[in-house]
Amino acid sequence: MGLKNNTNWTLVPGTVRDIDAVRERCRKLVRRRAMVSAGVAAVPIPGLDVMSDLRLFALLIDDINHEFGLSEEQIERLQPKFKLIAYEAAIGVGGMLVGKVVTREVVSHVLRRTGLKTAARQAGKMVPLAGQLAAAGIGFLAFRQIGYQHVEACAKVAATLVTAGVGHDGGQVHPA
């Protein structure tokens with residue numbers, strides 16, 4: 001039996017206009033997932049929102065990377081010089097999740113960077129209704145902020161690749 005080829009792949013956007021379109025789609029995705037995160041944060045069960053955020057955020061990062069053509073698998077399909085440019089650009093913009101396999105530990109580290117918000121969210125749950133609403137609002141804002149930062153990092157990496165010529169001189173390697 002032959003090997004199955006994965007035909008579900010996305011190219012790095014080829015123009016600034018394409019990057020802007022992908023950026024807006026991803027920002028919309030971030031807002032939707034942030035609303036889900038906020039809904040879970042309003043449930044007064046300690047720890048439920050943290051576990052939910054870990055899973056939602058890992059999926060979000062994977063989806064954003066894929067939309068920009070910057071998942072680990074997609075970057076590996078680039079010519080070597082473009083791979084190097086992609087990873088250097090990711091490092092340059094602080095995009096530690098661009099082109100990486102997202103693990104629970106990595107997501108946990110990123111979410112810990114918003115530790116104050118997490119603590120406030122947990123403490124807010126102890127106050128009935130008002131605390132739940134505050135926890136949901138804080139959860140939404142924190143999730144959206146981190147998501148938007150990742151979208152912008154991916155957009156900058158994609159713009160660097162477009163400037164370097166991906167898509168114009170055969171930078172993308174197409175599946176066989």
Side-chain angles (χ1 to χ4, degrees), residues 6 8-41 48-78 82-121 135-164 166-167 171-172:
N6 180 5
N8 185 18
W9 57 286
T10 304
L11 294 173
V12 174
T15 66
V16 173
R17 178 177 278 170
D18 293 341
I19 293 169
D20 289 341
V22 173
R23 176 190 286 123
E24 192 49 45
R25 276 196 320 266
C26 289
R27 287 175 64 91
K28 187 175 182 179
L29 179 63
V30 167
R31 288 188 296 273
R32 280 193 307 236
R33 300 263 175 96
M35 288 298 292
V36 171
S37 173
V40 173
L48 178 64
D49 58 336
V50 174
M51 294 305 297
S52 173
D53 282 354
L54 287 173
R55 181 74 178 138
L56 280 172
F57 194 67
L59 292 172
L60 177 69
I61 295 303
D62 286 341
D63 290 346
I64 292 170
N65 284 345
H66 183 78
E67 283 293 315
F68 277 99
L70 296 172
S71 70
E72 182 178 41
E73 180 181 89
Q74 291 164 318
I75 290 175
E76 285 303 313
R77 291 182 179 151
L78 294 173
F82 292 117
K83 279 189 227 181
L84 183 61
I85 290 168
Y87 285 124
E88 285 177 347
I91 291 167
V93 298
M96 66 182 251
L97 300 175
V98 176
K100 303 284 190 248
V101 173
V102 181
T103 64
R104 176 171 276 195
E105 292 78 24
V106 171
V107 172
S108 179
H109 171 73
V110 171
L111 292 178
R112 262 187 263 131
R113 288 180 15 196
T114 62
L116 179 61
K117 293 177 184 175
T118 302
R121 209 164 61 185
I138 292 167
F140 175 84
L141 292 173
F143 196 97
R144 188 185 69 180
Q145 176 186 357
I146 295 169
Y148 279 2
Q149 287 172 351
H150 185 65
V151 169
E152 292 308 312
C154 285
K156 288 177 183 173
V157 172
T160 301
L161 286 168
V162 166
T163 301
V166 167
Q172 289 290 159

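All values below were derived from every heavy atom in this structure, side-chain atoms included, with hydrogens, water molecules and symmetry-related copies excluded.
In this structure, the separation between CG on Leu56 and CZ on Arg32 is 12.5 Å, given to the nearest 0.5 Å. In this structure, NZ on Lys83 lies 12.5 Å from CD1 on Ile85, to the nearest 0.5 angstrom.
Note on Asp20 versus Arg23: salt bridge recorded, some NZ/NE/NH1/NH2 to OD/OE distance being below 4.0 Å.
The two residues Val151 and Arg27 come nearest to each other via the heavy atoms CG1-CG, 4.0 Å. Residues Asp53 and Ser37 come closest through the heavy atom pair OD1-OG, 2.5 Å. The heavy-atom pair separating Phe140 from Met35 by the smallest distance is CE1-SD, 3.5 Å. Taking both residues in full, the closest heavy atoms of Cys154 and Leu70 are given as O-CD1, 3.5 Å, listed atom of the first, atom of the second, then distance. Contact detail for Asp18 and Pro13: the closest heavy-atom pair is CB-CB, 3.6 Å.
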* To do: Determine, step by step, whether Ile75 and Asn65 satisfy the side chain to side chain contact (heavy atoms under 4.5 Å, CB included) criterion, reporting the C-alpha distance in whole Å, the side-chain angles of both residues, the deciding distance to 0.1 Å, and the verdict.
  => CA-CA 10 Å; Ile75 290 175; Asn65 284 345; over 6 Å; no
* Does the side chain to side chain contact (heavy atoms under 4.5 Å, CB included) test come out yes or no for Phe143 and Leu60, once each step is laid out? -> CA-CA 10 Å; Phe143 196 97; Leu60 177 69; 3.6 Å; yes
* To do: Go through the steps to decide whether Arg33 and Leu59 satisfy the test side chain to side chain contact (heavy atoms under 4.5 Å, CB included), and finish with yes or no.
  => CA-CA 10 Å; Arg33 300 263 175 96; Leu59 292 172; 3.9 Å; yes
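By the side-chain hydrogen bond (donor to acceptor under 3.5 Å, both in side chains) test, Arg31 is found to be paired with Glu24, Tyr148, residues two or more places apart in sequence or in another chain being considered.
Judged by distance alone, with hydrogens and angles left aside, the side-chain atoms of Glu67 form no donor-acceptor pair with the main-chain N or O of Asp63 at under 3.5 Å.
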Would you be so kind as to tabulate the donor-acceptor pairs closer than 3.5 Å made by side chains of residues 155-164, with sequence neighbours excluded?
unit_1, atom_1, unit_2, atom_2, d
Thr160, OG1, Lys156, O, 2.9
Thr163, OG1, Ala159, O, 2.9

